[in-house]
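Take a look at the structure below.
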Amino acid sequence: MRLIVTSWNINSVRLRIDQVRRFVETVRPDVLCLQETKCPDDRFPLKDIRAMGLPHVAFSGQKGYHGVAIASRLPFSATDVMRFCGKDDARHIAVTLGAEAGAAAGITLHDFYVPAGGDIPDPELNEKFAHKLQFLDEMRAWGRDARPAHGPAILVGDLNVAPLETDVWSHKQLLDVVSHTPVETQALETLRQESGWIDAMRRLRPEPERIYTWWSYRSPDWAAADKGRRLDHVWVSRDLDPALRSVEVFKEARGWERPSDHAPVTAVLEL
DNA sequence: ATGGTGGCCACGCCA
């Protein structure tokens, strides 16, 4: 069977629910993982998403900030949220696909929203950057202790780190810009490799191809300037590596009216 | 070197 999985930082699921619908109608993902839903659970647009043909929905939100959700055509057998850094931030949710999911049954999907980290890349001067580094450190410990990549598993999300030189428009100019500093890129690559995850985008589209998933709102002509970064990721466990067929950035959504600053990333697996 | 835009929700915080 074909499994289509999308990760998208939507930057308010209520404001952009029509864009979610338009995307789902166009790409028809089996599983849609959202970040920055920015709404409390009692205001989550559950009926709208179910009406898109994604009846199984798990969400973890809070007022104003953060928030993650997984909407699926296939039923879940389990859902779970993890907390990091001793905070109540809604930055992770996971589901395991149920027995009715055919060849996809038993796959666990982790949806992450890693802290952006503020502007100053110094943990002594900027507690948001310290928080980001601690979050990555706890992700590393989780990978080591829980071994999530040692079963059929997929990790997606806005990891807020562009790890490779060709994941940013200018490696040199971004070396001291939060999201591409060596301490972050090394932390992310180390935790990924240690945990056994495969970077699906780069497996199928290796360097030196440049891949971006995010373009700042602050660039008036974002498409022409094309000063993007690859902040959104799809990782798969080793046993799913042979199933990978394609990974695409749906850049056109960044050009829609009142868009999210992130484009959806979609992976196709043949199970 | 600086400021540029956008969403939450109602003031500044966060990205």
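Here is how names work: the chains are called A, B, and so on, in the same order as the sequence lines, proteins then strands, and each is numbered from 1.
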*Starting at CZ of R22(A), measure out to CD1 of I17(A) and round the result to the nearest 0.5 Å.*
14.5 Å
*Separation of I17(A) atom CD1 from dG7(B) atom P, in whole Å?*
15 Å
*Closest listed nucleotide, where the reference is the side chain of Y113(A) and the choices are dG6(B), dC13(B), dA15(B)*: dA15(B)
*dT5(B) phosphate, OP1 or OP2, under 4.0 Å from R258(A) side-chain N/O*: no
_Residue matched to dG4(B) through Watson-Crick or wobble contacts both under 3.5 angstrom_ = none
*Please give, in whole Å, the distance from dT5(B) C1' to W214(A) CH2?*
11 Å
*Quick one: label R43(A) by what it contacts on the DNA or RNA (base, sugar-phosphate, nothing), any heavy atom closer than 4.0 Å.*
nothing
*Check the distance between dG4(B)'s C1' and W222(A)'s CH2 and give it to me in whole angstrom.*
17 Å
*Does any N or O in the side chain of N9(A) come within less than 3.5 Å of the main-chain N or O of H262(A), such that one atom is a donor and the other an acceptor?*
no
*Pick the P atom in dC14(B) and in dA10(B), then give their distance to the nearest Å.*
15 Å
*Spacing between L15(A) atom CG and dT5(B) atom P, to the nearest angstrom*: 18 Å
_Pair R210(A) + D167(A): basic N to acidic O under 4.0 Å_ = no
*Mapping S12(A) and G117(A) onto DNA chain B by nearest heavy atom, which one lands closer to the 5' end?*
S12(A)
*Tell me the partner of dA10(B), counting only Watson-Crick (N1-N3 plus N6-O4 or O6-N4) or G-U wobble (N1-O2 and O6-N3) with both under 3.5 Å; none if nothing fits.*
none
_Nucleotide dA10(B), atom C1' - distance to NZ of K38(A) in whole Å_ = 15 Å
_Angle between ring planes, F59(A) versus F44(A), binned at 30° and 60°: parallel, tilted or perpendicular?_
parallel
*Where the side chain of R14(A) is concerned, which of dC13(B), dT5(B), dC9(B) is the nearest nucleotide?*
dC9(B)
_Please check: side-chain N/O of Y212(A) versus main-chain N/O of V249(A), any donor-acceptor pairing under 3.5 Å?_
no
*Integer-rounded Å distance: dT5(B) P and H262(A) NE2*: 18 Å
_Contact nearer the 5' end of DNA chain B, comparing C39(A) with D158(A)_ = C39(A)
_Interatomic distance, D221(A) CG vs dG4(B) P [rounded to whole Å]_ = 18 Å
*Does R16(A) make a side-chain N or O approach to OP1 or OP2 of dC8(B) shorter than 4.0 Å?*
no
_Rounded C1' spacing from dC11(B) to dG7(B) in Å_ = 14 Å
*OP1 or OP2 of dC14(B) less than 4.0 angstrom from a side-chain nitrogen or oxygen of K128(A), does that happen here?*
yes
*Looking only at side-chain N and O atoms, does R218(A) come under 4.0 Å of OP1 or OP2 in dT2(B)?*
no
*Using the C1' atom on both, measure dG4(B) against dA15(B) and round to a whole Å.*
14 Å
*asked:* Could you check whether any side-chain heavy atom of H92(A) comes within less than 4.5 Å of a side-chain heavy atom of V114(A), counting everything from C-beta outward?
replied: no
*Would you say dA15(B) has OP1 or OP2 under 4.0 Å from some side-chain N or O of R91(A)?*
yes
_Measuring only the C1' atom in each nucleotide, how far is dC13(B) from dC9(B)? A whole number of Å is fine._
11 Å
*Interatomic distance, N9(A) CG vs dG7(B) C1' [rounded to whole Å]*: 11 Å
